[in-house]
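The chains referred to below are lettered A, B, ... by the order of the sequence lines, with proteins before strands, and numbering in each begins at 1.
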Amino acid sequence: MEEDKLPPLLSGLKKNREAQLGKMPVGYFDNFESELRLNLSESQKADKKIRRLNTNFVMAIAASLLLFIIIGLWFLKGNNPLDYNRMMSLNIDKKLQEIETREVNEYLLAEIDAIETTDLIELAELENVDYISSEKGQIFPSDSLSPPKKETSPNAEIKQTSENPEKEELLDKIADDTNLDDLLLEMDEEDFKALEQALLKSKKKPN
Amino acid sequence: MSEETEHKILSLLSTKDGYERGFSLLVKTYQERLYWHIRGMLGQHDDADEVLQKTFIKVFKGIAGFQGNSKLYTWLYRIATNESLSFLTKKQKNRLESIDESENTVVHTLSADVYVDSSLTDQLLGEAIALLPDKQKQVFLLRYYDELSYQDISEICGTSIGALKASYHHAALKIENYILKKIN
């Protein structure tokens, strides 16, 4: 060990712990180890209790937080934020259907001039023919097979000619029947030619 | 405090079968050295007993985590020193008195200690050590009584060797001056 330069008094003094720092009780270390084991065991038990308390404390805080969140959601979303049936009970499909039908009808009315007659016939099979023709005038040719007249009034009635009941029948059939080929086959030669002429004329009409 | 003994203690404590033997060997090897170091820091036997128990409890709770980066005895001394300093801090907080009053209390306590039975010079030396600032006291005790190297003291205190040498020199001068003043 390296030498220190001690002051003269200290360097001449003999080291004597008991005389200088205090006397140690006789037999102090006889039971020291057993006492230490006892204290160590108690300390470890206390540590376990503290760990358990800490765990319980943390769990209590977590549970409180969860409850707070659920209550918060309850107030924000209504009486029962977990009520799936409430959403399921809404009749969405029907409303969508109504919206779609209205939009399709509006589209047809707006675009009826641009749509080709064959397309109109197909559409007529799917849509309400009376409604369309009442809004825009007669779609199918009259007994004279002249081009369809456009009515200015939006609520004009269909001008069915009473002089041609066969045509009326045909119109009804077209409204009811979905197979255009069968309809055309039922027509006689004269009527077919007239229809053809009418169609060609309506195509040539400017928009 | 040979390396062989330390190695034996650590290997015994690491096994289930050897744990009890390791426990006994560690306590018996270091109990007296640690006691005197703590006694020198605190002054009274009862305080030293309490802190020594706490020191060993801390040692056995933490021995599993001892990685061997330092020597075992420097680790033990470090725990003992820290426990002593904590005890002194707590005691000083509870004591509401001036520095002069504090000095008188220390001297009075030391002289009234039933365990003290020594010459005047020895008693004065004890008083002078007790009156040193805690960190200086710590360095003086480790160097003067335990005769540890400055390297080991540096590991225990976490202070540079140069600072330790200066601290020890100042402590020794203070002690000398106190004894001479009292004698004269």
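- Using a 4.5 Å heavy-atom threshold, the side chains of B:Ser24 and A:Arg37 count as touching.
- With a threshold of 4.5 angstrom between heavy atoms, B:Leu124 does not approach chain A through any atom at all.
- Residues B:Asp122 and A:Arg17 are not paired through a salt bridge, judged by the lack of any N-O separation under 4.0 Å between the basic side chain and the carboxylate.
- The two atoms that bring B:Tyr35 and A:Pro25 nearest to each other are OH-CD, 4.2 Å, heavy atoms only.
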If you look only at distance, which donor and acceptor atoms sit under 3.5 Å apart when one is on a side chain in residues 7-14 of chain A and the other is two or more places apart or in another chain?
residue : atom : partner : partner atom : Å
A:Ser11 : OG   : A:Pro7  : O            : 3.2
A:Ser11 : OG   : A:Pro8  : O            : 2.9

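- Looking at B:Lys28, only its side chain comes within 4.5 Å of chain A, counting heavy atoms on both sides.
- Rounded to the nearest 0.5 Å, atoms CD (B:Gln44) and CG (A:Leu21) are 13.5 Å apart.
- Here the closest heavy-atom approach between residue B:His169 and residue A:Lys5 is recorded as ND1-O, 4.2 Å.
- In this structure B:Lys8 satisfies the salt bridge (Lys or Arg N to Asp or Glu O under 4.0 Å) test with no other residue, sequence neighbours excluded.
- Within 6.0 Å of NZ in B:Lys71 there are more than 12 heavy atoms belonging to other residues, nucleotides or ligands.
- Remark: A:Phe32 engages A:Tyr28, A:Phe29, B:Phe56 in a ring-ring contact (aromatic ring centres under 6.0 Å, His included) (not counting sequence neighbours).
- Proximity to chain A (any heavy atom under 4.5 Å) is restricted, for B:Phe60, to the side chain, taken from C-beta onward.
- Counting only distance, with no hydrogens or angles, the side chain of B:Arg39 and the backbone of A:Lys23 share a donor-acceptor pair below 3.5 Å.
- Rounded to the nearest 0.5 angstrom, A:Met24 CE and B:His45 NE2 are separated by 8.5 Å.
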Fill in: Criterion side chain to side chain contact (heavy atoms under 4.5 Å, CB included) on A:Gln20 and B:Ile129, from CA distance to verdict
CA-CA 9 Å; A:Gln20 290 150 4; B:Ile129 291 169; 5.6 Å; no

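- Chosen from A:Leu36, A:Asn16, A:Asn39, the residue pairing most often with chain B at heavy-atom distances under 4.5 Å is A:Leu36.
- Interface remark: B:Tyr144 contributes backbone and side-chain atoms alike to the contact with chain A (heavy atom separation under 4.5 Å).
- Interatomic distance, CG of A:Leu40 versus NZ of B:Lys61, reported as 7.0 Å (0.5 Å rounding).
- Interface residue B:Ile57: backbone and side-chain heavy atoms are both found under 4.5 Å from chain A.
- A 4.5 Å side-chain heavy-atom check between A:Leu6 and B:Glu176 finds every atom pair outside the cut-off.
- Residues of residues 13-22 of chain B having a heavy atom under 4.5 Å from any heavy atom of chain A, listed by number: B:Glu20.
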